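So the structure is just underneath, and the comments pick up after that.
Atoms within each ligand, like the ligands themselves, are counted from 1 in listed order. Source: prediction; values computed, not measured. Keep in mind that the numbers below use all heavy atoms, side chains included, and drop hydrogens, waters and symmetry copies.
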Amino acid sequence: MERVTGKKPHHFLRRGIFFSHRDLNLILDKYEKGEPFYLYTGRGPSSESMHTGHLIPFMFTKWLQETFKVPLVVQMTDDEKFYFKDLSIEEVERMTFENMRDIIALGFDPELTFIFSDFNYIGQMYRVVARIEKAYTASQVKGCFGFKMEDNCGKWMFPAVQAAPSFSASFPHIFPSGNRLCLIPQAIDQDPYFRLTRDVAPRLGYLKPAVIHSKFFPGLSGSKGKMSSSVGAAVFLTDTPKMIKDKINKQAFSGGGATKGEQLLLGANTTVDVPIQWLRFFLEDDELLEKLQHEYMLGRLMTGEVKKVLIETLCGIVTRHQEARRNVTDDMVKLFSSVRLMGPAKGAQ
Ligand code: TYM
């Protein structure tokens with residue numbers, strides 16, 4: 001990555017937060033030879049506000065877009081949330097709009113970024129979706145996602161909808177000619193979708209998309225797995241500094257000693273400590289992070305002091321995000337989601 005881009009890799013790469021991939025080497029080899037690619041990522045809008053975990057793939061995607069100067073498509077899977085959750089179409093559409101504002105606030109390039117809702121864009125990519133649906137069998141989809149016969153048909157057909165943006169043929173207004181390679185940043189939970197996609201791609205005459213996976217950002221309680229929006233175990237992008245401070249001070253699982261004396265004597269277990277794990281995601285300064293971990297492990301720092309650094313770091317990120325979000329107008333959402341000539345298609349004009 002460093003050789004190809006001439007840039008220090010993002011701290012998510014340096015620290016193994018993005019820890020696995022398929023065919024990223026191929027993307028980089030081709031890029032080095034002058035063959036560009038495009039980026040695809042997405043969001044399932046099931047809550048008004050995104051949480052800090054959702055930021056991870058988007059922050060990394062932004063870095064990739066800035067570094068490689070390539071087009072990005074962002075799929076808002078409003079249909080997915082309608083099929084999988086107890087939500088009306090109207091509710092999901094409202095959340096989609098709010099989440100789009102959050103994504104735009106992260107600073108993606110308007111000249112190179114297309115953010116679309118499935119309900120609105122599906123007609124344009126339906127031919128690609130249909131080809132994929134015809135290539136998937138119900139038993140493949142069941143094997144991958146574990147659906148039951150009682151599950152609604154929307155769920156069974158949705159994997160083809162999430163697969164379609166992996167193929168540049170879904171975006172003729174961006175890629176009018178030829179197959180273009182795609183790279184999909186995501187957290188590891190999304191991988192089943194793209195294993196199926198990669199399976200059928202050659203049969204359909206499309207290029208297999210490359211993928212890069214991040215680990216999960218843990219919940220405040222430190223439990224393993226996906227940080228859920230529906231439980232109070234997350235910090236949301238709408239939280240106030242006071243809420244962030246209270247959540248971290250009261251709920252963040254500590255790997256430090258139970259008492260000051262114990263911490264001085266035994267030090268902290270930094271592998272289970274949530275504040276340290278969160279700082280690995282959000283504190284960019286490698287030296288400071290290393291120092292904090294070291295001192296904390298040796299018992300020279302107290303949990304409260306580590307939490308204080310985390311609170312400052314996170315409040316900074318969330319407050320800056322809220323300021324940026326206030327400046328995202330309805331017209332900007334319209335612009336980012338409008339079907340317009342972009343990237344190579346615009347260049348060819
Ligand atoms: P969704 O809305 O559940 O999550 C959006 C993105 O955030 C990632 N993610 C996390 N990353 C780190 N730590 C966490 N705790 C955490 N929780 C969620 C997800 O992996 C995802 O990348 N079906 C998808 C939407 C989608 C998509 C895509 C995602 C459509 N096409 C292509 C990635 C790539 C969804 O519901 O994501």
Under-4.0 Å heavy-atom contact with ligand 1, by part of Pro57 that carries it: side chain
Closest to atom 1 (P) of ligand 1 among Pro218, Ala187, Gly44 (heavy-atom distance): Gly44
Residue portion contacting ligand 1 (non-hydrogen atoms closer than 4.0 Å) for Gln190: side chain
Aromatic ring pairing Phe171/Tyr121, orientation class (parallel under 30°, perpendicular over 60°, tilted between): parallel
Beyond-backbone contact of Met100 with Phe336, side-chain heavy atoms, under 4.5 angstrom: no
Atoms in ligand 1 with a heavy atom of Asp189 nearer than 4.0 Å: 19 (C), 20 (O)
Region of Gln186 engaging ligand 1 - heavy atom pairs below 4.0 Å: both
Joint cluster assignment, Leu196 & Tyr40, ILVMFWY side-chain distance < 4.5 Å: yes
Thr41, any N or O under 3.5 Å of ligand 1 N or O: no
Atom indices of ligand 1 within 4.0 angstrom of Lys81 heavy atoms, with elements: 36 (O)
Salt-bridge contact Asp23-Arg198 (side-chain N to carboxylate O under 4.0 Å): yes
Per-residue contact class, Glu80 against ligand 1 - non-hydrogen pairs under 4.0 Å: side chain
Geometric N/O contact Phe216 with ligand 1, under 3.5 angstrom: no
Polar proximity ligand 1 side, Phe194 side, N/O cut 3.5 Å exclusive: no
Close-contact set for ligand 1 against Gln75 heavy atoms, below 4.0 Å: 30 (C), 31 (N)
Check: Tyr38 ring centroid to Phe114 ring centroid under 6.0 Å: no
Ligand 1 versus Ile184: contacting region, heavy-atom distance under 4.0 Å: side chain
Residue-ligand contact Lys215/ligand 1, heavy atom below 4.0 Å: yes
Atoms in ligand 1 flagged as close to Gln162, the criterion being non-hydrogen separation under 4.0 Å: 23 (N), 24 (C), 26 (C), 27 (C), 28 (C), 30 (C), 31 (N)
Phe158 N/O under 3.5 Å from ligand 1 N/O: no
Ring centroid separation Phe158 to Phe82 under 6.0 Å: no
Ser214 N/O to ligand 1 N/O under 3.5 Å: no
Heavy-atom check, side chain of Thr67 versus side chain of His10, under 4.5 Å: no
Nitrogen or oxygen atoms of Tyr40 and ligand 1 under 3.5 Å apart: yes
Listed partners of Glu32 passing salt bridge (Lys or Arg N to Asp or Glu O under 4.0 Å), at least two apart: Arg3
Lys245, NZ atom: more than 12 neighbouring heavy atoms under 6.0 Å: no
Common cluster, Ile174/Leu64, ILVMFWY with side-chain heavy-atom separation under 4.5 Å: no
Proximity flag Met50 to ligand 1, non-hydrogen atoms under 4.0 Å: no
4.5 Å side-chain heavy-atom contact, Ser168 and Phe37: no
Of the listed options Ser166, Pro165, Gly53, closest to atom 12 (C) of ligand 1 (non-hydrogen atoms): Gly53
Option with minimal heavy-atom separation from atom 33 (C) of ligand 1, where the choices are Gly42, Ser47, Ala164, Pro209: Gly42
Sidechain N-carboxylate O distance under 4.0 Å for Lys62, Glu66: yes
Enumerated ligand 1 atoms positioned under 4.0 Å from heavy atoms of Thr77: 25 (C), 30 (C)
Donor-acceptor pairs are to be reported for all side-chain atoms of residues 177-186 against protein atoms at under 3.5 Å, with residues two or more places apart or in another chain.
from, atom 1, to, atom 2, distance (Å)
Asn179, ND2, Gly205, O, 3.0
Gln186, OE1, Asp191, N, 3.3
Gln186, NE2, Ile184, O, 3.1

